[in-house]
Amino acid sequence: MRNRLLKVVFITLCAILNSGISVAQIVDFSRENPYKKVFVETDNFGASYLSTLENAFEKVEADSVRFSILNDLAYYSHTRNLTKALDYTNKGLELTYLKKDTLWEGRFQITLGAILLRMEKLDSAQVILQDAKSKVQEVDLPFLNTQLGYVFERRGQIDKAADYAVESLRLGDLLNDKKAIALAYSDLSNLFWKQSKFEMGLDYGLKSIAIFDERGMIDLDYGFTLYVVGNNYLALNNYREALNYYQHSIAIGERYGFYNNLCDVYISLVDLNAYLNQFDQAGEAGANAIKYAELLSNDFMVMRSWLSIGKLQILEGKYISAIESLQQSIQIATEDFGDEYYLSQAYEALGRAYAGNHKYKDAYEAFSKYDKLKNEFFTIESDQRISLLQTEFELAQKDSTIEIQETQLKKLGTRQTLITIIASLLLLFLMLLYKMVQTNRSKNKLLQKQNKEKEFLLKEIHHRVKNNLEIVSSLLALQSAEVKNPKVLEAMQKSQHRVHSMSMIHQKLYQGKSLSRIDMKEYFINLGQYIVDSFGEEDRIKIQCDMERIELDVDMAIPIGLIVNELVTNSLKYAFPKNINGLIVIRLAEQESQLQLMVSDNGIGKKYKNKTGGTGFGTQLIQLLTKQLDGKMTLVKDKGTVASFEFQHHKAA
């Protein structure tokens, strides 16, 4: 939110600094291309840009440049005065007709259609826009389809409006036109909002804002999209974010004189302030909405402004004033208004105003008209099309998630290099063992079936690995007897325990029913008892394995066994001084795709912190093994010590 407020301040400062910028920054005859196209190549000018364009048009001789300037002048004039915009457009059509320039004639027709639909001449706008299709280039079609979408949106045909927005999006992707893509997302956001699908409307609106920000060009459509996102936040009762986006849109509108955007935002601010019971601010917003609507000479905006004021007066309990405002709104709309959405809202609000004033017959008639208009607007076809778009968006979100996951997997490559080297060495060791087993296989005549032979060989491997590890453990024990240095002796004993913990895994594999999975509860019981016995503390320290039976494959069991070995050994050494009795609890639980391990004791806890005197290798080993298992560790020392772990459990398919 802070960043967006800073943007508002920045835009306001730019408006002040740029208010005196000269014509030469937009039109410079010394350049090869004298005209920097408005809101395409530059937005570095103040609210006087329309006067700048008007002056430049009279001085330019090249037809293509003149037409480009005049077309921009015509289109952006509709943000302040529709009548002037229409005059400029007609002038452009006359000039292109005389010059027999079909391409620019079609482009002026698109501008004419945009102006006509804002003058409530929807049928004429549609005819003009359809005629322009055959004259313009492919790069002009996204904007043309956007205007056609507005025509059908105003008629309440949301399904067709959505189709034109999707077609604009397709063309934007095809042409790599970021502005077309952003505008299509903005239109879809507005359509979802009108269908009361506010979460989806917000998703599309924020995607549009992100593209506009990336494009780095502040223009009319960017300001409108900020307003649409604010509407979705308002509908979701997130008033702070709604106000944030409205303020940003107002800053842009005031900088460039976008009266239509300003009118839109002030209409929504009436609703926002009314919801917050800030009726004075709501009234000021309503007055501003009326002001800009009348400056535009736009009946659609005037109608909506009186509608917002009428709804405000209902909340204030001013039912007579509300009836007058809403009747004025409906009177401006007329029967051929063409926008069932806002007209239905006007009749619904009028019904509530009549009911508040105890005129129940009039209220019934208003509500009846509201129901009729609502049924025309919220059609089954529109709802189905919007639902289909929602499904398509959710699928796109899933595709995006997959791409993110693939990127994360690539990042793991560096970390897995070390694991690959270690795995290669282990593989070499296993290959040597396998070769030795292969040599002895021919001497064994008892195994007749292939499956029994493989089972025997696998058991033999685990048995031999276990024996080899026991030999290593015995060698460490023999060497320990010759060592006098207490620290060296302790290190060798710890190594002996680690080797034995791995040995027990292989013992369980060749003694159990499964050759690939270990019963961890039984393993923990045996491991804990072995460690307690090796310290001679079986009468004083108890091991409790509080868990259900869980089977893990050897790749998970060995690292977890080593971790438990280190933690139980530490508890025996440091948690129960002065021959006090104690309990060590081991838990392992499986929840969906995670394993949760906990080793706790009821010893002296944080009293023995920094008093271990060890080498720190055990701690490093635990951290390395935790990282290998893609896990995280939490250690708490208070009344006792609790070490908790979460590991990703990637089950074999």
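Reckoned from all heavy atoms, side chains included, excluding hydrogens, waters and symmetry mates. Bear in mind the structure is a predicted one, so any value in this text is a computation, not a measurement.
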Closest heavy-atom contact between [X] and [Y]?
X      : Y      : result
Ala242 : Leu234 : CB-N, 3.7 Å
Ala575 : Ile580 : O-CD1, 4.2 Å
Ala643 : Leu635 : CB-CD1, 3.9 Å
Ala165 : Leu188 : CB-CD2, 3.8 Å
Asp601 : Gly603 : OD1-N, 2.9 Å
Phe212 : Leu183 : CZ-N, 4.4 Å

Using only heavy-atom distances, determine whether the side chains of [X] and [Y] contain a donor-acceptor pair under 3.5 Å.
X      : Y      : answer
Ser186 : Ser208 : no
Asn232 : Ser189 : yes
Asp187 : Tyr204 : no

Is a side-chain donor or acceptor of [X] paired with a backbone partner of [Y] at a separation under 3.5 angstrom?
X      : Y      : result
Arg215 : Ala182 : no
Arg540 : Gly582 : no
Ser249 : Tyr246 : no
Asn145 : Ser168 : no
Thr146 : Pro142 : yes

Does any part of the side chain of [Y], heavy atoms only, come nearer than 4.5 Å to the side chain of [X], both counted from C-beta?
X      : Y      : answer
Arg170 : Val166 : no
Glu522 : Asn526 : yes
Leu552 : Leu595 : yes
Tyr530 : Asn565 : no
Tyr245 : Val265 : no
Ile543 : Ile525 : no
Asp221 : Lys179 : yes
Ile560 : Phe524 : yes

**Asked** Just wondering, more than 12 heavy atoms not from Lys521 lying within 6.0 Å of its NZ?
**Response** yes
Could you state the interatomic distance from [atom1] ([X]) to [atom2] ([Y]), rounded to the nearest 0.5 Å?
X      : Y      : atom1 : atom2 : value
Leu276 : Tyr239 : CG    : OH    : 6.5 Å
Phe647 : Gln594 : CZ    : CD    : 10.5 Å
Ile158 : Phe152 : CD1   : CZ    : 11.5 Å
Glu646 : Thr634 : CD    : OG1   : 7.0 Å
Leu629 : Ile563 : CG    : CD1   : 5.5 Å
Leu597 : Leu588 : CG    : CG    : 5.5 Å

**Item:** Test log, rule side chain to side chain contact (heavy atoms under 4.5 Å, CB included), inputs Phe198 and Asn231
**Value:** CA-CA 9 Å; Phe198 307 121; Asn231 284 346; over 6 Å; no
**Request:** Go through the steps for Met520 and Tyr523 under the test side chain to side chain contact (heavy atoms under 4.5 Å, CB included), then give the verdict.
**Result:** CA-CA 5 Å; Met520 296 304 292; Tyr523 167 67; 3.9 Å; yes
**Request:** Decide side chain to side chain contact (heavy atoms under 4.5 Å, CB included) for Asp159 and Gln157; before the verdict, give the C-alpha distance in whole Å, the side-chain angles of both, and the deciding distance to 0.1 Å.
**Result:** CA-CA 6 Å; Asp159 51 338; Gln157 296 173 282; 4.1 Å; yes
**Request:** Check the pair Thr641, Leu567 against side chain to side chain contact (heavy atoms under 4.5 Å, CB included), reporting the backbone distance first and the verdict last.
**Result:** CA-CA 10 Å; Thr641 301; Leu567 294 171; over 6 Å; no
**Prompt:** What residue among Thr626, Leu624, Leu625, Thr619 forms side chain to side chain contact (heavy atoms under 4.5 Å, CB included) with Ile622?
**Reply:** Thr626
